[in-house]
Structure formats: structure tokens, C-alpha cells
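One structure is given here, and the rest of the page talks about it.
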Amino acid sequence: MPMDKITAVKGIKDILPSETPGWQKVETTARAIFERFGFHEIRVPIMEKTALFQRSIGEATDIVEKEMYTFRDRDEELLTLRPEATACVIRAYVEHNLASAEPVTKLFTIGPMFRRERPQKGRYRQFHQIDVEVFGDDTPASDAEVIFMLMHFLDVAGVENLSLEINSLGCKDCRPGFSRAVVAYLGQFQDGLCPDCQRRLTTNPLRVFDCKVEACGRIISDAPRILDHLCPECLDHFDRVKGFLDDLNLEYAVNSNMVRGLDYYTKTAFEVKSGKLGAQNSLAGGGRYDGLVALLGGPDVAGVGFGIGMERLLTCLPDTEENVGKTDIFVAALGTRALKFAFKLTGLLRRSGFTAATDYSGKSLKSQMKRADKMQSAFTLIIGDSEMDSGRAVLRNMKTKNQQDLLLESLPEALINILKSEVIL
RNA sequence: GUGGGUGUAGCUCAGCUGGUCAGAGUGCCGGGUUGUGGCCCCGGAGGUCGAGGGUUCGAACCCCUUCACUCACCCCA
């Protein structure tokens, strides 16, 4: 009787061989483009002390309240699987004093994040992000540069039909005032709000802005707007960011209802959406977080960054036929002596840099030819015990069907020469 | 955490109002060529119809329970 299958954890998926080429391609272009903008890769652990996220993301956020994978280590210390990367990167940045090495530090990291939410399209409990952070630059130009890099990357990666939305969330000076104004306004219409929003009124009033309930939407449309409450500095910053985006000919929409979920964002916030994604239509989001580094015990330097959801990005890519790794040559062996010969020859060809395959199962030639065909082999070398005796093997060009005899004694050299000239074409 | 949808062969799915309903396509293996692939033809392996219980002479189909997956809400990448 079969044992029960042990399955993967809910919301956590395997990335199968048929999918890895897409992932690798995205990662490779990210690395190439980010380096071009002066960013360097940092790799940080996926586990951190729980306090790091409590302090950075905010105690009252959903992530910290109910979505983190937190457990007690054997020595009683509370650890958490990272729900996002920014806090981790800042921790490393502070811990290793990266600030003192250069005035502006540009970093990126790629890897898995963990959030215990109910899975749905574009949302998983383990998901992967490409995460970018700039420390030590508080200028509007750096906001715009980061946004430009994001859009350029998505473009090169091949994502189509994107929309960029930006907003300003104000700073510690102007946001509290705005927040009070919103609460006061919404208080008047409390009974008209959906139950969720009534709850948000006390927990996180700004979140009412991106409620999708129609009734709430009408109320919100006349609510105070953050952009009217910005302090002179924030307003100026926002205007200049927009100016730089215009200079780069980037299209964007100002969405004054956009609120970011994490507590630490200040000033510029942005989001990239795609219609291909279903309900979870945001494939990248980010913003400025001046003050966060200091909050985590580092120097008081500014920060901007963004995260890209890899799974979401990949579903936005047009379907490309995965070209499975092609095989340069398949060695079809028949008979014991030939098999031994094929084993050595295949090893030698691989050592010379070719993709060589063979089959040790002793199947019929027909069946081996089928395998060679499946592998899209450019050539097949046929060698049986009769060839071993005659001292010649048969090389078949799978596309042209041309066959030629090759002397066994000079076989490796002859094959390498043929493969070198043919395979490159 | 809350709601809807779906669970039949490795994969994609048919299966009418309970009565040859255990199927198709594809993939896999083999044969048609004693040692030559793709196309075509033929054959084969593979499923306790998600699991458990109930109704019935009889259940893939009806009822209950449960699990899984999925979409949506919440929230976010």
C-alpha cells in the first residue's frame, strides 16, 4: 500500500524545470541593468530577529499583526521569515557600516519573502522579489532615477501595458495633520462606509482611500487630498520628481488615493500596475523612506527603493516558447563494447564543451533515434559492435539527414572539428 | 480569517435526468524497418473517478462530512 504523499506547503510552489529559464532570464536582465545604474547586489538572510520587522514595518500593520512566519528558536529567541527585504537590507547596511564607505549606497537583492496570507492569483506565501534600495540621497532626482530604472527594466524584461502611478505621502511634519483631517471628514459619513472602512477609521484611516466599495469611493472622492496638505518641502520635492520624470519622457498618473501599506514610507510613493494580473494587479511598488535607517539604529540617511514581484512579473510576460537546451550530439550505442566506447566518448565531448547525450539502457536504435530527436540533437553518432570491428562510426546530421563515416581512431578530433563548425551556425 | 468555484489516466479534459461510464486527446513505452528520428498506422502500460460516511437493487453522478486546489474579499509584490 502506498504511503501518503507529502505535498508542498499551502501557497508555496515549486519552480519547475520548464519555468526556470524564464526566471533566470529576468534575474539576468535585472542584474545587467541595475549594474548599469551603479547598483550592486547584496545577499541577505531570509531569517531575521522578529523585532527588526516589528520596528520597521509597523506594529499595527497587517503584515506584522497576522502575516509573519514567526517562531521561537531553541534558545527562546523570536525569529521571523522575512516578509519584505527593505528592513533586512537596512540591517545589513547599518551592521556593516556601509554608509561610511561612500556617500550614496545603491543596493539590490533578489530572493524569497514569506507572508502567511490566503493564496490567490499572484499571491503566494512564499513569493520572490527583486528589491532595490538607495541610501544617502534625499534629492528628487534620485526618486526619479529609481523609478526610471524600474520602468526601463520592466521594458527590457518584456512587460507590456504597464501603468505607473505616483503620489506623495508627506512627511512626519505634514502627514499627521492630513491624517487628522481625513478622520474628521470621514467621521461625518461613518454610517455610509463599509464595515471594513469603519474599522480602518481607527486602525489605519488612510487605507480608506483605496477601498473598492462603491459607496466608500463616493465619500472618498470629496475627502481631503494629501496633495493639498503637503508641507512646502514635500510639495516642492514632489513637483521636482514629476519634473524629472517628464525630462525622461516617462508617462505616469498622479493617484492621490494611492496609499502604501507599510508605515515607513514618506514623500514619494509609486506603483506599477498591469491589467494582466487579476485582482492583485500591482507588480511593483516602492517609495521613499527617509528616517527608516535611523529608526533601525543607523545614521540618519535618506532612502528610496522598490520591490518587484517576480511571480507577477512573470505572468505579465508574453508566452514565449521555452527553448529547451539543445543537444549538440547524441551518441547512439548498440552492444556492450560500443556502450563502453560511447561512455568514454560522451565524457570527452562534454569536457570539450559540447552538450552531449547518450543512452545506456541498450534500447533499439530506433528508440535511441527518437530520444535524439526529442532532445533536438544536431548530430547523432551511431556506433554498434560492427562499427567497433570495422573501425568506422556513422555520423548523421539530423537536419539534413546526411551521413558520413568517421574513423574511430581519430574520432574525437574529427567530431570536435565538425561540431565546432556546424554547431555555431 | 470570510465567501464562491473545482477535484475523473503523468498533463488537458469528456462523461446527458443515478443503470457497460471508467473514456478521449496528448505524453510515455513498444511494433510497422533483424541497426536509422520527425509524419502516418497499430498495440500497450497507467485511474480505489480527492478522502470518509450515507441514500439506493445499483453512485464518478444524489446527500452529509472532510481535505486539497483555485478565484475573490482583507491586505499586498
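Below, read A as the first sequence line, B as the second, and so on, with proteins coming before strands; counting in each chain starts at 1.
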Nucleotide [N], atom [atom2] - distance to [atom1] of [X] in whole Å:
X	N	atom1	atom2	answer
A:L365	B:rG38	CG	P	12 Å
A:W23	B:rA77	CH2	C1'	11 Å
A:Y124	B:rA72	OH	P	10 Å
A:K10	B:rC71	NZ	P	12 Å
A:E165	B:rA77	CD	P	14 Å
A:D405	B:rU36	CG	P	16 Å

Name the pairing partner of [N], where a pair is Watson-Crick or G-U wobble with both distances under 3.5 Å, or state none.
N	answer
B:rG47	none
B:rC62	B:rG54
B:rU6	B:rA68
B:rC73	B:rG1

Donor-acceptor pair (no angle test) under 3.5 Å: [X] side chain, [N] base:
X	N	answer
A:R312	B:rC76	yes
A:E117	B:rA77	yes
A:K366	B:rG32	yes
A:Q120	B:rC75	no
A:K401	B:rG38	yes
A:Q368	B:rU36	no
A:R371	B:rG37	no
A:R123	B:rC75	yes

Could you go step by step and tell me if A:D137 and A:K106 meet the salt bridge (charged side-chain N to carboxylate O under 4.0 Å, His left out) rule? CA-CA 10 Å; A:D137 192 339; A:K106 299 173 166 186; over 6 Å; no

Please tell me if [X] has a side-chain N or O lying less than 4.0 Å from either OP1 or OP2 of [N].
X	N	answer
A:Q376	B:rG38	no
A:K13	B:rU70	yes
A:S367	B:rG30	yes
A:K374	B:rC28	yes

Distance check, C1' atoms only: B:rC40 and B:rU33, in whole angstrom units. 14 Å

I'd like the C1' distance from B:rG7 over to B:rG50, given in whole Å. 6 Å

Partner of A:I329 under side chain to side chain contact (heavy atoms under 4.5 Å, CB included), chosen from A:I418, A:T355, A:L395, A:T346: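 In the set A:I418, A:T355, A:L395, A:T346, the residue that makes a side chain to side chain contact (heavy atoms under 4.5 Å, CB included) with A:I329 is A:L395.
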
Check whether any side-chain N or O of A:E311 sits under 3.5 Å from a backbone N or O of A:H128 as a donor-acceptor pair, and report yes or no.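 Indeed, once roles are kept as given, a pair shorter than 3.5 Å links the two residues.
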
Is A:D385 reaching over with its side chain to a backbone N or O of A:A338, donor-acceptor style, under 3.5 angstrom?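 Side chain of A:D385 to backbone of A:A338: a pair is present.
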
Over 60° means perpendicular and under 30° means parallel, so classify the ring planes of A:F148 and A:H152, tilted if in between. parallel

Listed nucleotide nearest any side-chain atom of [X], set [options]:
X	options	value
A:R118	B:rG37, B:rC75, B:rG1	B:rG1
A:R396	B:rC73, B:rG37, B:rA77	B:rG37
A:K370	B:rG38, B:rU2, B:rC74	B:rG38
A:E67	B:rU36, B:rC75, B:rG31	B:rC75
A:R115	B:rC76, B:rA72, B:rC74	B:rC76
A:S282	B:rA77, B:rC75, B:rG37	B:rA77

A:F108-A:F39 aromatic ring centre distance below 6.0 Å: no

Is A:D138 paired with A:K267 through a side-chain N to carboxylate O contact shorter than 4.0 Å?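 A:D138 and A:K267: not salt-bridged.
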
